[in-house]
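Here the structure comes first, spelled out in structure tokens, and everything after it is commentary.
Everything numeric in this text was worked out from a predicted model, so none of it was measured. These numbers come from the heavy atoms of this one structure, side chains and all, not from hydrogens, waters or symmetry mates.
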Amino acid sequence: MQIYIDGEFFAKEDAKISVFDHGLLYGDGIFEGIRIYHNKVFRLKQHLDRLYRSAKYINLDIGTPIEEMEKIVLETCKRNGLSDGYIRLNVTRGVGTLGLAPKSCPKASIICIVDKLAIYPKEFYERGLALLTVSTRRNLGSALDPQTKTMNYLNNILAKLEAERSGFEEALMLNAEGYVAEAAADNVFIIQGNKLSTPATFLGALPGITRAAVLEIAPEFDLECLETHITLPDVYGAEECFLTGTAAEVIPVVEVDGRKIGDGKPGSRTNRIIERFHRLTREEGAPF
Ligand code: PXG
């Protein structure tokens, strides 16, 4: 494995960063999780655009133009030679003093890891997931923007812990007002009639790259797409439900808080969207 850190490549054992990096000390940084499918990077441009938007939000000067970042990612992919895999791109505030002021960090650090993907078991896709709505609410936009992919993931981790403690694989998170926001690391969708709905990003959902891809392909199935308010009763009463994310791709949800969704089996339209999404991952991508 060859890991990129600030202009150099290191073997896994030697890929180390300083204990004074503010990414470690304060979670001060941003990241992207990206996938390689069939020797191509899926939607790299969209991931990099989101990364640079995240940097703007935390007022971080990445110090590397986006075109250069694209080359860094593709070169790391090339050196690792995985035809299918997972890219983790982190940009931290860099090394500074103890004390959270970012001004003590003169230079951001860029880390790019390419690894095998820990894929969810196939049975999850065949039988669908059961979700639990957790008491941990999604971050308030006025405190830490949930539309930004920062290295502060404790909000999501607390949600995941809560779900797992009760024996569920995934958590459903509400925003402070009680509207459905997203899962701990995935976006959520419901289907009712010919409407495909997902929480609007301003309600606490990350603008997911997979979410955007699903919104693009859904009209092919005569589904009208809505980015809107969704309540828990909307989810309980939906005909179909699924999650989207880079790691999970598109995964059916068959139960929420003990209520069966539809007939309790992955929905037929969900299954068609899954198939179509897989085709998209074969057709598209940046070669390296
Ligand atoms: N919401 C949250 C909070 C996420 O973290 C998504 C939605 C889905 O977005 P994308 O762009 O992936 O469709 C995410 C994505 C990881 C990991 O290592 C997490 C994500 C993606 C890839 C890897 O845990 N989260």
Side-chain angles (χ1 to χ4, degrees), residues 1-35 41 43-77 79-80 86-115 136 138-160 182 184-185 201 204-209 245-247:
M1 186 187 288
Q2 289 273 301
I3 296 167
Y4 175 93
I5 307 176
D6 295 331
E8 285 181 68
F9 287 91
F10 299 90
K12 188 175 179 178
E13 315 72 74
D14 303 320
K16 292 177 183 159
I17 60 155
S18 166
V19 294
F20 288 96
D21 190 302
H22 279 210
L24 173 70
L25 290 174
Y26 301 109
D28 187 354
I30 51 176
F31 78 101
E32 284 296 318
I34 313 169
R35 257 176 105 139
V41 182
R43 302 225 156 169
L44 178 55
K45 187 179 176 321
Q46 286 90 331
H47 280 285
L48 293 179
D49 284 346
R50 189 170 65 185
L51 183 79
Y52 280 73
R53 264 203 321 278
S54 297
K56 187 66 82 62
Y57 172 67
I58 69 161
N59 206 358
L60 173 70
D61 177 10
I62 295 180
T64 297
I66 196 163
E67 300 75 27
E68 186 59 29
M69 190 67 88
E70 186 177 0
K71 286 186 194 143
I72 289 168
V73 172
L74 293 173
E75 175 64 19
T76 312
C77 290
R79 284 179 184 240
N80 284 279
Y86 176 54
I87 304 164
R88 164 54 67 85
L89 181 59
N90 274 55
V91 184
T92 78
R93 189 77 64 179
V95 173
T97 56
L98 296 179
L100 56 80
K103 67 172 183 285
S104 77
C105 308
K107 194 172 174 293
S109 264
I110 300 170
I111 300 162
C112 186
I113 308 166
V114 174
D115 202 355
T136 305
R138 194 73 183 100
N139 281 327
L140 261 183
S142 52
L144 180 63
D145 179 24
Q147 296 186 48
T148 305
K149 216 162 155 60
T150 76
M151 283 169 62
N152 271 266
Y153 253 56
L154 277 173
N155 182 229
N156 315 65
I157 289 164
L158 289 172
K160 192 91 180 170
E182 58 181 343
T201 53
L206 187 81
I209 307 300
T246 294

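Put simply, CD1 on I30 and OG1 on T150 are 9.0 Å apart, with the number rounded to the nearest 0.5 Å. Distance check: D14 CG to Q2 CD gives 10.0 Å after rounding to the nearest 0.5 Å. Interatomic distance, Y52 OH to L60 CG, rounded to the nearest 0.5 Å: 9.5 Å. A distance of 11.0 Å separates CG of D145 from CG of L140, quoted to the nearest 0.5 Å. In this structure, the separation between CG on L144 and CG on N139 is 4.5 Å, given to the nearest 0.5 Å. Note that NZ of K12 and CD1 of I113 are 9.0 Å apart. Values are rounded to the nearest 0.5 Å.
Annotation: side chain of V91 is in contact with side chain of M69 (closest heavy-atom distance under 4.5 Å). Contact annotation: the side chain of L51 never approaches that of K149 to less than 4.5 Å [non-hydrogen atoms, C-beta and beyond]. Side-chain contact between R88 and D115 is absent, with no heavy-atom pair separated by less than 4.5 Å. No side-chain heavy atom of Y4 sits under 4.5 Å from any side-chain heavy atom of E75. Side-chain contact between T64 and I110 is present, with heavy atoms from C-beta onward closer than 4.5 Å. When side chains are defined from C-beta on, T246 counts as touching H47, because their heavy atoms get closer than 4.5 Å.
Pairs engaging residues 53-62 under the side-chain hydrogen bond (donor to acceptor under 3.5 Å, both in side chains) rule: none recorded [sequence neighbours left out].
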Handout entry: side chain to side chain contact (heavy atoms under 4.5 Å, CB included) between V73 and V114, intermediate numbers included
Key = CA-CA 9 Å; V73 172; V114 174; over 6 Å; no
Exercise for the section: Would you check, one step at a time, whether the test salt bridge (Lys or Arg N to Asp or Glu O under 4.0 Å) holds for K71 with E67? Expected result: CA-CA 7 Å; K71 286 186 194 143; E67 300 75 27; over 6 Å; no
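The two residues A15 and I3 have their closest heavy-atom pair at CB-CD1, 3.7 Å. Nearest heavy-atom pair, C112 versus T76, reported as atom, atom and distance to 0.1 Å: O-CG2, 3.7 Å. Between V95 and P106, the shortest heavy-atom contact is O-CD, 3.4 Å. Between I87 and C77 the shortest heavy-atom distance is CD1-SG, 3.5 Å. Nearest heavy-atom pair, D6 versus S109, reported as atom, atom and distance to 0.1 Å: OD2-OG, 2.7 Å. Heavy atoms only, all atoms of each residue included: N80 and M1 are closest at OD1-CA, 3.4 Å.
Counting only distance, with no hydrogens or angles, the side chain of R50 and the backbone of E32 share no donor-acceptor pair below 3.5 Å. Using modelled atom types, no side-chain atom of N90 and backbone atom of F31 make a donor-acceptor pair closer than 3.5 Å. Looking at E70, its side chain never comes within 3.5 Å of a backbone N or O of L44 through a donor-acceptor pair.
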Could you give the side-chain donor-acceptor pairs of residues 20-28 under 3.5 Å, partners two or more places apart or in another chain?
unit_1: D21; atom_1: OD1; unit_2: G23; atom_2: N; d: 2.6
unit_1: D21; atom_1: OD1; unit_2: T92; atom_2: OG1; d: 2.9
unit_1: D21; atom_1: OD2; unit_2: T92; atom_2: OG1; d: 2.9
unit_1: H22; atom_1: NE2; unit_2: T97; atom_2: O; d: 2.8
unit_1: Y26; atom_1: OH; unit_2: G99; atom_2: N; d: 2.8
unit_1: Y26; atom_1: OH; unit_2: L100; atom_2: N; d: 3.4
unit_1: D28; atom_1: OD1; unit_2: R93; atom_2: NE; d: 3.1
unit_1: D28; atom_1: OD1; unit_2: R93; atom_2: NH2; d: 3.0
unit_1: D28; atom_1: OD2; unit_2: R93; atom_2: NE; d: 2.8

